[in-house]
Amino acid sequence: MNIQITPAANEHLPQLTALERICFPADPWSETLYRAALDNPAVAILLAQGEDGALLGYAVLSTVLDEGNLDNIAVAPYARRQGIADTLLSALTAFGREHLACLMLEVRASNVPAIALYEKHGFIAVGRRKNYYDAPREDAILMTLTFGSE
């Protein structure tokens, strides 16, 4: 599959928020929240698009000084297991190596495929947040990738 990674823009908001509602129906980010993120220079939203321009997935990275936090990564259900999340994560880690000291994230403790993907990219589990997620209630695993010590 040919995947193009591009920065999000306002014209992508309808597709982006529609995919957000599909991937995170219990607590999706609103279009207003995504619009604010696009206007924030400390936030990057990357899109994975197919050859036809369809939105296959996206990732949201926020930064504070030299630390990055992977706020969100999602892939359309029909496009999963095709390397899209891997491609998005590769783009984010490449950015991190150039500009950041570390990347951090939270992931559902039961999301074994995502944990394996993050470990493949060098993230390590560094902690746990009890009952972090709702619907269903679940712990989050805290993971960090520190650059310069890989």
Side-chain angles (χ1 to χ4, degrees), residues 1 3-8 12-38 40 42-50 54-97 99-150:
M1 175 179 281
I3 303 165
Q4 183 178 0
I5 303 297
T6 60
H12 299 117
L13 286 175
Q15 276 187 295
L16 182 60
T17 54
L19 183 54
E20 172 80 7
R21 286 189 301 274
I22 291 167
C23 294
F24 304 106
D27 191 24
W29 286 19
S30 67
E31 186 169 322
T32 301
L33 187 58
Y34 272 111
R35 190 176 309 283
L38 285 174
N40 185 341
V43 177
I45 303 173
L46 297 180
L47 305 179
Q49 295 177 294
L55 181 59
L56 304 173
Y58 62 90
V60 181
L61 174 72
S62 60
T63 60
V64 175
L65 300 174
D66 65 348
E67 296 179 352
N69 192 74
L70 178 55
D71 298 321
N72 225 343
I73 188 166
V75 175
Y78 73 89
R80 291 181 182 157
R81 312 283 311 157
Q82 297 181 46
I84 294 163
D86 189 53
T87 301
L88 285 163
L89 199 51
S90 290
L92 292 176
T93 56
F95 173 83
R97 277 187 192 85
H99 303 285
L100 302 172
C102 64
L103 283 175
M104 298 169 283
L105 60 88
E106 296 97 7
V107 59
R108 281 185 180 272
S110 65
N111 195 343
V112 175
I115 292 168
L117 174 66
Y118 298 137
E119 288 174 340
K120 172 185 168 186
H121 284 268
F123 285 83
I124 58 168
V126 295
R128 187 177 200 99
R129 291 190 207 271
K130 291 285 186 191
N131 299 316
Y132 182 77
Y133 292 104
D134 291 321
R137 174 75 63 199
E138 187 173 355
D139 292 356
I141 304 298
L142 306 174
M143 300 186 82
T144 300
L145 172 58
T146 303
F147 300 106
S149 65
E150 299 172 82

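Here the structure is a predicted model, which is why all the values come from computation and not from measurement. The figures that follow rest on heavy atoms only: side chains count, while hydrogens, waters and symmetry mates do not.
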Margin query: Between Leu142 and Arg129, does the side-chain contact (heavy atoms from CB on, under 4.5 Å) criterion hold? Intermediate values first, please.
Written below: CA-CA 7 Å; Leu142 306 174; Arg129 291 190 207 271; 3.2 Å; yes
Margin query: Under 4.0 Å between a side-chain nitrogen and a carboxylate oxygen: does that hold for Arg108 and Asp139?
Written below: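 Salt bridge between Arg108 and Asp139, a charged N being under 4.0 Å from a carboxylate O: no.
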Notebook entry, point to check: Is Arg137 atom CZ crowded by more than 12 heavy atoms from other residues, nucleotides or ligands, each under 6.0 Å away?
Noted result: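 For Arg137, atom CZ is crowded (more than 12 foreign heavy atoms under 6.0 Å).
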Taking the side chain as everything from C-beta on, heavy atoms only, tell me whether [X] gets closer than 4.5 Å to [Y].
X: Tyr34; Y: Glu20; result: yes
X: Leu47; Y: His12; result: yes
X: Asn111; Y: Pro113; result: yes
X: Val107; Y: Met143; result: yes
X: Phe123; Y: Leu117; result: no

Ignoring hydrogens, what is the shortest heavy-atom contact between [X] and [Y]? Give both atom names and the distance.
X: Leu70; Y: Ala59; value: CD1-CB, 4.3 Å
X: Pro7; Y: Leu46; value: CA-CD2, 4.3 Å
X: Gly57; Y: Leu88; value: C-CD1, 4.0 Å
X: Leu56; Y: Ala79; value: CD2-CB, 4.1 Å
X: Ala54; Y: Tyr78; value: CB-OH, 4.2 Å
X: Ala37; Y: Val43; value: O-CB, 3.6 Å

Cut-off 3.5 Å, side chains only: do [X] and [Y] have a donor facing an acceptor?
X: Tyr133; Y: Glu106; value: no
X: Asp66; Y: His99; value: no
X: Ser62; Y: Asn69; value: no

Keeping the roles fixed (side chain from [X], backbone from [Y]), state whether a donor-acceptor pair exists under 3.5 Å.
X: Glu67; Y: Leu100; value: no
X: Arg80; Y: Val75; value: yes
X: Asn40; Y: Ala42; value: yes

Mind checking the [atom1]-[atom2] spacing from [X] to [Y]? Nearest 0.5 Å is all I need.
X: Thr144; Y: Met104; atom1: OG1; atom2: CE; result: 6.0 Å
X: Thr146; Y: Ile124; atom1: OG1; atom2: CD1; result: 6.5 Å
X: Leu13; Y: Leu38; atom1: CG; atom2: CG; result: 5.5 Å
X: Leu92; Y: His121; atom1: CG; atom2: NE2; result: 9.5 Å
X: Thr87; Y: Gln4; atom1: OG1; atom2: CD; result: 12.0 Å

Margin query: Set out, in order, the CA-CA distance, both residues' side-chain angles and the distance that settles side-chain contact (heavy atoms from CB on, under 4.5 Å) for Lys120 and Leu89, then state yes or no.
Written below: CA-CA 10 Å; Lys120 172 185 168 186; Leu89 199 51; over 6 Å; no
Donor-acceptor contacts, no H, no angles, side chain residues 25-32, under 3.5 Å, sequence neighbours left out:
residue	atom	partner	partner atom	Å
Ser30	OG	Thr32	N	3.4
Ser30	OG	Leu33	N	3.0
Glu31	OE2	Arg35	NH2	2.7

Margin query: Tyr58 and side chain to side chain contact (heavy atoms under 4.5 Å, CB included): which single residue from Leu19, Ile73, Ile5, Ile84 fits?
Written below: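 With Tyr58 as partner, side chain to side chain contact (heavy atoms under 4.5 Å, CB included) holds for just one option, Leu19.
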Item checked: Qualifying residue, where the test is side chain to side chain contact (heavy atoms under 4.5 Å, CB included) with Asn72 and the options are Ile45, Val60, Leu61 ->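 Between Asn72 and the candidates, side chain to side chain contact (heavy atoms under 4.5 Å, CB included) is satisfied uniquely by Val60.
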